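A note on names: the letters A, B, ... follow the listed sequences, proteins ahead of strands, and every chain is numbered from 1. Being a predicted model, the structure only gives us computed values, none of them experimental.
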2 protein chains.
Amino acid sequence: MNAAVAAPTQKCTECPIRHRAVCAHCNPLELQELDEIKYYRSFEAGQTVIWAGDKMGFVGTVITGVATLTQTMEDGRTQMVGLLLPSDFVGRPGRDTAAYNVIATTDIVMCCFRKKPFEDLMARTPHIAHRLLEMTLDELDAAREWMLVLGRKTAREKIASLLSIVARRDASIAKKATVGPLVFDLPLTREAMADYLGLTLETVSRQISALKKDGVIEMQGKRHITVPDMGRLMEEAGDDADGGFLV
Amino acid sequence: MNAAVAAPTQKCTECPIRHRAVCAHCNPLELQELDEIKYYRSFEAGQTVIWAGDKMGFVGTVITGVATLTQTMEDGRTQMVGLLLPSDFVGRPGRDTAAYNVIATTDIVMCCFRKKPFEDLMARTPHIAHRLLEMTLDELDAAREWMLVLGRKTAREKIASLLSIVARRDASIAKKATVGPLVFDLPLTREAMADYLGLTLETVSRQISALKKDGVIEMQGKRHITVPDMGRLMEEAGDDADGGFLV
DNA sequence: CGTCAGCTTGAAGCGGGTCAAGTAATGTGG
DNA sequence: CCACATTACTTGACCCGCTTCAAGCTGACG
C-alpha cells in the first residue's frame with residue numbers, strides 16, 4: 001500500500017512553495033544543508049501516506065496536490081482534522097508515532113526529511129524552529145475557526161465555508177486576482193467533504209445542489225466550480241464579507 | 001469591565017505550575033529575567049480578560065482558575081475554541097490583536113508579561129521558544145481531538161468527553177491518583193458547556209441528567225461531580241478506554 | 001421574603017441522518 | 001465494440017435527535 005514513487009528532485013532555490021514552507025526563512029547556507037538531506041516522495045490519489053499510530057520516521061512538506069488528516073472512531077465514524085495543501089507541513093518533531101491518518105486525495109509530491117537529521121538541524125537553526133512555530137500557530141487558528149464551523153454552522157453554511165476556504169487558498173497559491181469570478185477544482189470527493197464538515201455525503205450533495213440552484217456557485221461537471229461573487233459566498237458562510245484573508 | 005485586580009507576586013521558583021508552563025525549561029538565570037518583567041493580574045469570575053479584535057499588549061499564563069477562549073458570529077452564535085486551565089498560555093507572539101474573547105469563568109490569577117519584552121526575551125532564549133512550540137503543538141492536538149467531538153459525536157458522547165477531559169486535567173494538576181473514583185468541580189456553567197460542545201444548554205442539562213440516572217456519574221449539587229468508574233465514562237465518550245493520557 | 005441567575009423538564013417542530021433507488025461517467029473483459 | 005461492473009454522485013421519503021419555546025424549580029443573596 002505504501003509504495004511511494006520516487007520523484008525527481010529539484011533545487012530548493014527553485015522550489016515553487018519555498019516562501020510559504022517551513023524553510024521560508026532559511027538563508028542560502030541553510031538551504032544547502034536542507035538540499036543535502038531532503039528527498040522527494042510521490043503518492044497516488046487514494047494512497048495512505050501514513051496510518052495513525054504507526055511509527056513515523058520522517059517529516060515533510062506537501063509540494064503539489066492535496067492530502068487530508070483524519071481521525072477515526074472504532075465504529076468507523078471519521079472526522080477530517082486538517083486539509084494539507086501545498087506548503088503545509090506533515091509530522092511533529094519530538095514525537096515518533098503519527099497521531100492521524102494522512103491520505104493523499106489527489107496525486108501528491110512531498111519533500112521529506114528523515115526525522116532525526118531534521119530535528120538536529122532544527123535544534124541549531126532558529127530560522128526553522130521559528131517558522132515552524134509560526135506555521136503551527138496558524139494551523140491552530142485554522143483548527144479553531146473550524147471548530148466554529150463544526151459546532152455552530154448549518155449544513156448550508158458549512159458547505160459555503162469549505163468552498164470559500166478552498167477558493168481562497170487556491171487563489172493565494174496560484175497568485176490569482178481576488179476580484180471577479182473565482183474558478184477552481186474541488187480536490188475532495190463528496191464523502192471527504194462530509195468528513196471535513198461533520199455531515200453525511202447526501203447532505204453535502206443536497207446543499208451543493210441548493211447553492212447551485214440559488215446562483216451562489218456555478219458548476220461545470222461535478223468538481224469544477226465557479227464563484228461569480230465571492231462576497232455572496234462568504235455571506236452564505238456566515239462570515240463577515242469583509243474579505244479579510246486569513247490564509 | 002476590564003478592571004483587573006493586582007495580585008501578590010511570588011517567586012518563579014515557588015510557582016506551583018512552573019513545570020507545565022511556558023517557562024518550564026528555563027534555567028535559574030532565565031527565571032530571574034522573567035521574574036523581573038512579570039506581573040500578576042487577577043480577574044473575577046465572569047470578567048472579560050480581552051475582547052476579540054482588541055489590541056493585546058501582553059501575553060501570559062493562567063496560574064489559578066479557569067478561563068475560556070470563545071468565537072462569536074454576528075447573530076450571536078458562540079463557540080468555545082479553548083479551555084484555559086492553570087499553566088495554559090494566552091496570547092500569540094508576533095500578533096498584536098486578540099483573535100478570540102478570553103473570559104474568566106472562575107476567579108483567575110494570571111502571570112503576565114508585556115508583549116515586547118517577552119518577544120525580545122523569547123528571541124534570545126531558545127528554551128522559551130522551544131517550550132512554546134511544544135505547548136502549541138499540544139494545543140493543536142487538543143483542538144483536533146475536539147473537532148472529532150464537535151463533528152461526529154452524539155450529545156451524550158459530547159458530555160462524557162467534556163467530563164473526562166476536565167476530570168483528567170483536574171487529576172493531573174492536583175497530582176491525584178488516577179484509579180478509583182474521581183471527584184471534581186465543573187468550572188463551567190451549563191451554557192458554557194453548551195458553547196464548548198456545540199449544543200444548547202437544555203440538551204446539556206438533559207444529557208447530564210441521563211448520565212446521572214444511568215450511574216455513569218454522581219452529583220452533589222449542580223457542579224460537584226463524582227466519577228465512580230473512569231473507564232465507563234470514557235466508553236460513554238466513545239474513546240478507547242485504554243487510559244491513554246493526552247494531557 | 002422576594003428576586004434572579006442557573007438549572008431542569010416538558011412538548012412540539014425541524015434539520016439533517018438513514019435508507020433506498022436511480023443516474024452518469026469510467027473502466028473492463030469477452 | 002458492446003455488456004456489465006464500479007465509482008461517484010444525486011434525489012426522494014421517512015425518521016429521529018437535537019433545538020426551540022415555554023414553564024417551573026432551586027439556592028444564593030439582598
Side-chain angles (χ1 to χ4, degrees), chain A residues 44-47 68 73 75-79 103 105-106 149-163 185-214 217 219-225 236 238, chain B residues 44-47 66 68 73 75-79 103 105-107 149-163 185-214 217 219-225 236 238:
Chain A
E44 285 171 26
Q47 263 192 311
T68 64
M73 293 173 68
D75 62 8
R77 280 176 282 177
T78 77
Q79 175 66 49
I103 301 171
T105 59
T106 66
V149 173
L150 290 171
R152 292 303 186 191
K153 291 195 178 180
T154 64
R156 185 181 175 100
E157 288 169 336
K158 284 179 175 182
I159 298 290
S161 298
L162 176 58
L163 293 178
D185 280 306
L186 265 179
L188 302 173
T189 64
R190 298 291 185 264
E191 189 182 14
M193 293 174 69
D195 285 343
Y196 202 173
L197 298 167
L199 297 170
T200 59
L201 67 91
E202 293 94 330
T203 300
V204 169
S205 185
R206 273 186 257 271
Q207 296 299 336
I208 289 181
S209 298
L211 288 175
K212 189 168 56 179
K213 186 166 70 63
D214 297 345
I217 57 174
M219 296 182 71
Q220 298 80 40
K222 295 177 186 312
R223 299 286 195 93
H224 198 71
I225 297 203
E236 290 285 355
Chain B
E44 285 170 27
Q47 263 192 312
V66 178
T68 64
M73 294 171 69
D75 60 8
R77 281 176 281 177
T78 77
Q79 174 66 49
I103 301 170
T105 59
T106 66
D107 290 353
V149 172
L150 289 172
R152 292 304 186 192
K153 291 194 178 178
T154 64
R156 185 181 174 100
E157 288 169 336
K158 285 180 175 182
I159 297 290
S161 298
L162 176 58
L163 293 179
D185 281 306
L186 265 180
L188 302 173
T189 64
R190 299 291 186 263
E191 188 181 15
M193 294 175 69
D195 284 343
Y196 202 173
L197 298 167
L199 297 170
T200 59
L201 67 91
E202 292 95 331
T203 299
V204 169
S205 184
R206 275 186 256 269
Q207 296 298 336
I208 288 180
S209 298
L211 288 176
K212 188 169 56 180
K213 187 165 69 66
D214 297 346
I217 57 173
M219 295 181 71
Q220 298 79 40
K222 294 175 186 311
R223 297 288 194 92
H224 197 71
I225 297 203
E236 291 285 354

- prompt: Under 3.5 Å, is there an N or O donor on one side and an acceptor on the other linking the side chain of Glu202(B) and the base of dC18(D)?
  reply: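 No such pair is found, so the answer is no.
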task: Apply the side chain to side chain donor-acceptor pair (under 3.5 Å) test between Arg152(B) and each candidate in Asp75(A), Thr78(A), Asp195(A); give the one that qualifies.
output: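 The residue from Asp75(A), Thr78(A), Asp195(A) that satisfies side chain to side chain donor-acceptor pair (under 3.5 Å) with Arg152(B) turns out to be Asp195(A).
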message: Check this one for me: any side-chain N or O of Arg190(A) less than 4.0 Å away from OP1 or OP2 of dT7(D)?
response: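 Checking Arg190(A) against dT7(D): no side-chain N or O falls below 4.0 Å of OP1 or OP2.
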field: Short side-chain N/O contact from Thr200(A) to OP1 or OP2 of dG16(C), under 4.0 Å
entry: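 Result: no.
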- request: Calculate, to the nearest 0.5 Å, the distance between atoms OG and CG belonging to Ser205(B) and Leu199(B) respectively.
  value: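 Output value for this atom pair is 12.0 Å.
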query: In Å and rounded to the nearest 0.5 Å, what is the CZ to CZ distance from Arg156(B) to Arg206(B)?
result: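 So the gap between those two atoms works out to 15.0 Å.
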Just compare [options] and give me whichever is closest to any side-chain atom of [X].
X         : options                  : value
Arg206(B) : dT11(D), dT8(C), dT19(D) : dT19(D)
Ser205(A) : dC18(D), dT8(C), dT11(D) : dT11(D)
Thr203(B) : dT9(C), dC18(D), dC7(C)  : dC18(D)
Ser209(B) : dT19(D), dT9(C), dC7(C)  : dT9(C)
Thr189(A) : dC7(C), dC9(D), dT20(D)  : dC9(D)
Leu199(A) : dG16(C), dT20(D), dC7(C) : dG16(C)

Quick one: [X] [atom1] to [N] [atom2], roughly how many Å, whole number?
X         : N       : atom1 : atom2 : result
Gln220(A) : dA25(C) : CD    : P     : 15 Å
Gln207(A) : dG16(C) : CD    : C1'   : 9 Å
Lys212(A) : dC9(D)  : NZ    : P     : 12 Å
Glu191(A) : dT10(D) : CD    : C1'   : 15 Å
Leu188(B) : dC7(C)  : CG    : P     : 10 Å
Leu201(B) : dT20(D) : CG    : C1'   : 11 Å
Ile159(A) : dG16(C) : CD1   : P     : 10 Å
Leu211(A) : dT11(D) : CG    : P     : 13 Å

task: For residues Gly151(B) and Leu150(A), report the shortest heavy-atom separation together with the two atoms involved.
output: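 In this case the closest contact between Gly151(B) and Leu150(A) is CA-CD2, 4.2 Å.
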field: Heavy-atom side-chain contact between Met193(B) and Leu186(B) under 4.5 Å
entry: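 In contact.
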task: Answer with base, sugar-phosphate or nothing: what part of the nucleic acid does Arg156(B) contact at a heavy-atom distance below 4.0 Å?
output: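 The residue Arg156(B) makes no contact with any strand.
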- request: Assign Gly221(A) to base, sugar-phosphate, or nothing according to its heavy-atom contacts below 4.0 angstrom with the strands shown.
  value: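 The answer is nothing, as Gly221(A) stays clear of every strand by at least 4.0 Å.
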- request: Between Gly198(A) and Lys222(B), just flag the one whose closest nucleotide in DNA chain C comes earlier from the 5' side.
  value: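 Comparing both residues, the 5'-ward one is Lys222(B).
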